[in-house]
Amino acid sequence: MTSETTATSPAPETDDLPEQTRVRREKRERILARGDAAYPVNLPVTHTIAQIREGYGYLGDGEETDDVAGVAGRVVFLRNTGKLCFVTLQDGEGGRLQAMLSQKVVGEEALANFKADVDLGDHLFVHGRIGSSRRGELSVFADEWRMAAKALRPLPVLHKELSEEARVRQRYVDLIARPAARDMVRLRAGVMRSLRENFHRRGFLEVETPMLQTVASGASARPFSTHMNAYDMELFLRIAPELFLKKAVVGGVEKVFEINRNFRNEGADSSHSPEFAMIEAYEAYGDYDTIGALTQDLVQTAANDVLGSTVVTLPDGEEYDLGGEWAQITMYGSLSEAIGEEITPETGVEHLTKLADKAEISLDPKKANHGKLVEELWEHHVGDGLYAPTFVRDFPVETSPLTREHRSISGQVEKWDLYVRGFELGTGYSELVDPVVQRQRFEQQARMAAVGDEDAMPIDEDFLTAMEIAMPPSGGMGMGVDRLLMALTGLGIRETILFPLVKPQG
RNA sequence: GGGCCGCUAGCUCAAUUGGCAGAGCUACGGACUUUUAAUCCGCAGGUUCUGGGUUCGAGUCCCAGGCGGCCCA
């Protein structure tokens, strides 16, 4: 342990600090100088704010009890009227309790110290009888106060919204000041719990697969790379857990899920974060239909568990219904209908390119294969207009190298994307388990990489070896947890992540 | 990657045509024993994101950069 000289050494140079910060440091020094603690190791807390609110909420105006409590909380309001001071304490959930400090009860010196040294934002301990003020505010009639932890920086004003940037950069302040920020933390925890409990009820096992991978595969995305000193080799942060989860299924973990972080070295905007939480699940002897039903239930159960309803209220007040059986459309069918001509897996690249030009979609011609063109056309003509929860089914084979070919339609794969309010919430497959076909798909990806497609999936020999041991027919799904929170609240991704990545301020 | 908008006191925001940089809350000093964003009196607080330039004079105009937001690709 280091010595405690830092606690007793003189205050650091304070001349250039803003006034309010300097003043608070001086108050800390004053508290220490008179022999009190500014940061005591513990305090005789007997009740939480919530316990007092629950236990004594019945008290009428001016009614007092002889019950005594020690309570602590963060000071969010201060109202001093000479010989009687009112202070409102807040707990982590936003619950508030008033304390009243009367000169007659705490004494002249203690009240003077209180007025001199307690600021908005401090953690404060009070001890005293529980009662109700004349105006009916549940209160602790303090016979003693102690500093629980002195705040050296002022809190923002609690009556104005913090700027969006300040909320993200100083989330701890946001959590103190804004109820919606506190709610999101609890909502997210509730969703995680709901998802896990749902999986457990269904007999799925939760596993954790590697974050550091020698080949980043399982999705079409660019990885972050890093370096391992001991082996002097390049490693990648994972872009998806898919290949490892499939290895688990090969080994007999037949119903398996993982909720964990993925990292994609791409842009960041209101619906993309470079690191994001994702749930993936695989079910042996399931397919994309069973896994779709599972996904619908995961979302609807989560909504019911955390909101009590599948009807969610968006920030503009609109009510959006996640309930019922979700619509199912096919990619080729809905695209054909939207543009008024039949598009099939046989439609040539030249014709698709013409259609793309007409729609003013620009694609690098080197990468413009049939599958990419169909998906781009679909997004433009159909996807952008989707609003109600919808499964979009049966994708082109080129863009889904890990998905089984459709059981009855040549050139398509058994994959769905789930769209909610126009954004992609999740995806599901009938998994490709034929190792020979899987190798051909990887080779096709390698050819795409060779012509400059940076998102193309690299060949993973280790994965192919596992597949050659034989994976049972399976359904698999993936869903962004942050996006699920977006679907349940209508908020942007950075509101759903407690500490999203932000660039340092210049 | 491109376009547009923003960055001013601890927080939220003003500042006319380029002419003394302001308000509310907070802070600080004072009054007040039932307040509810307490009230009243008084008084401080600034690298106007950074660096250049134009000008007698720049928060404001020009150039470069940083950070953020929105739209587009």
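Predicted, not measured: the structure shown is a model, and the values here were computed from it. Throughout, protein chains are lettered first and strands after them, A, B, ... in sequence-line order, and every chain is numbered starting at 1. Values below: all heavy atoms of this structure, side chains included; hydrogens, waters and symmetry mates excluded.
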Could you give the [atom1]-to-[atom2] distance, from [X] to [N], as a whole number of Å?
| X | N | atom1 | atom2 | result |
| --- | --- | --- | --- | --- |
| H159(A) | U36(B) | NE2 | C1' | 11 Å |
| E161(A) | C25(B) | CD | C1' | 15 Å |
| L59(A) | U34(B) | CG | P | 20 Å |
| L101(A) | U34(B) | CG | C1' | 13 Å |
| R25(A) | G10(B) | CZ | P | 15 Å |
| Q170(A) | G10(B) | CD | P | 13 Å |
| K160(A) | U26(B) | NZ | C1' | 13 Å |
| R153(A) | G10(B) | CZ | P | 11 Å |

First of T21(A) and E137(A) reached from the 5' end of RNA chain B, by closest nucleotide: T21(A)
Residue closer to the 5' end of RNA chain B, K27(A) versus L158(A) (nearest nucleotide):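 That would be L158(A).
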Letter per nucleotide, 5' to 3', of nucleotides 68-73 of chain B [B base touched, S only sugar-phosphate touched, - untouched; heavy atoms, 4.0 Å]: SS---S
Touch class at under 4.0 angstrom, heavy-atom based, for T88(A) against every strand present: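 No contact.
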Sugar-phosphate, base or nothing in reach of L155(A), heavy atoms under 4.0 Å: nothing
Of Y419(A), F423(A), Y320(A), the residue whose pairing with Y387(A) passes ring pair (Phe, Tyr, Trp, His ring centres under 6.0 Å): Y320(A)
Below 4.0 Å: OP1/OP2 of U12(B) and any side-chain N or O of S163(A): yes
Short side-chain N/O contact from K115(A) to OP1 or OP2 of C28(B), under 4.0 Å: no
Parallel, tilted or perpendicular: ring planes of F263(A) versus F224(A), cut at 30 and 60 degrees: perpendicular
Measuring only between side-chain heavy atoms, which start at C-beta, is [X] closer than 4.5 Å to [Y]?
| X | Y | result |
| --- | --- | --- |
| V312(A) | R421(A) | no |
| L237(A) | N265(A) | no |
| R79(A) | T88(A) | yes |
| F86(A) | E137(A) | no |
| D36(A) | M147(A) | no |
| E29(A) | E26(A) | no |

If I pick the [atom1] atom on [M] and the same atom on [N], what distance separates them, to the nearest angstrom?
| N | M | atom1 | result |
| --- | --- | --- | --- |
| G57(B) | G42(B) | C1' | 35 Å |
| C63(B) | G46(B) | P | 32 Å |
| G29(B) | A37(B) | C1' | 22 Å |
| C20(B) | A15(B) | C1' | 13 Å |
| A44(B) | G22(B) | C1' | 14 Å |
| C67(B) | U50(B) | P | 15 Å |
| A9(B) | C43(B) | C1' | 15 Å |
| U48(B) | U60(B) | P | 10 Å |

Short N/O separations, protein against nucleotides 42-44 of chain B, under 3.5 angstrom:
none

Could you check whether atom [atom1] of [X] has more than 12 heavy atoms from other residues, nucleotides or ligands sitting under 6.0 Å from it?
| X | atom1 | answer |
| --- | --- | --- |
| E234(A) | CD | yes |
| R261(A) | CZ | no |
| R153(A) | CZ | no |

Distance, nearest 0.5 Å, that separates CZ of R238(A) from CZ of R264(A):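 CZ of R264(A) is found 10.5 Å from CZ of R238(A).
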Heavy-atom pair with the smallest gap, counting every atom of L488(A) and A303(A):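 Scanning both residues completely, I find the closest heavy atoms to be CD2-CB, 3.7 Å.
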Any residue of residues 70-86 of chain A with a heavy atom less than 4.0 Å from an atom of RNA chain B: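 Result for residues 70-86 of chain A: F77(A), L78(A), R79(A), N80(A), T81(A), G82(A), K83(A), L84(A), F86(A), sorted by number.
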Donor/acceptor link under 3.5 angstrom from Q103(A) side chain onto base of U33(B):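 No such pair is found, so the answer is no.
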Under 3.5 Å on both distances, the Watson-Crick or G-U partner of [N]:
| N | answer |
| --- | --- |
| G6(B) | C67(B) |
| G59(B) | none |
| U36(B) | none |
| C28(B) | G42(B) |

R188(A) with D482(A): basic N within carboxylate O range, under 4.0 Å: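 Salt bridge present between R188(A) and D482(A).
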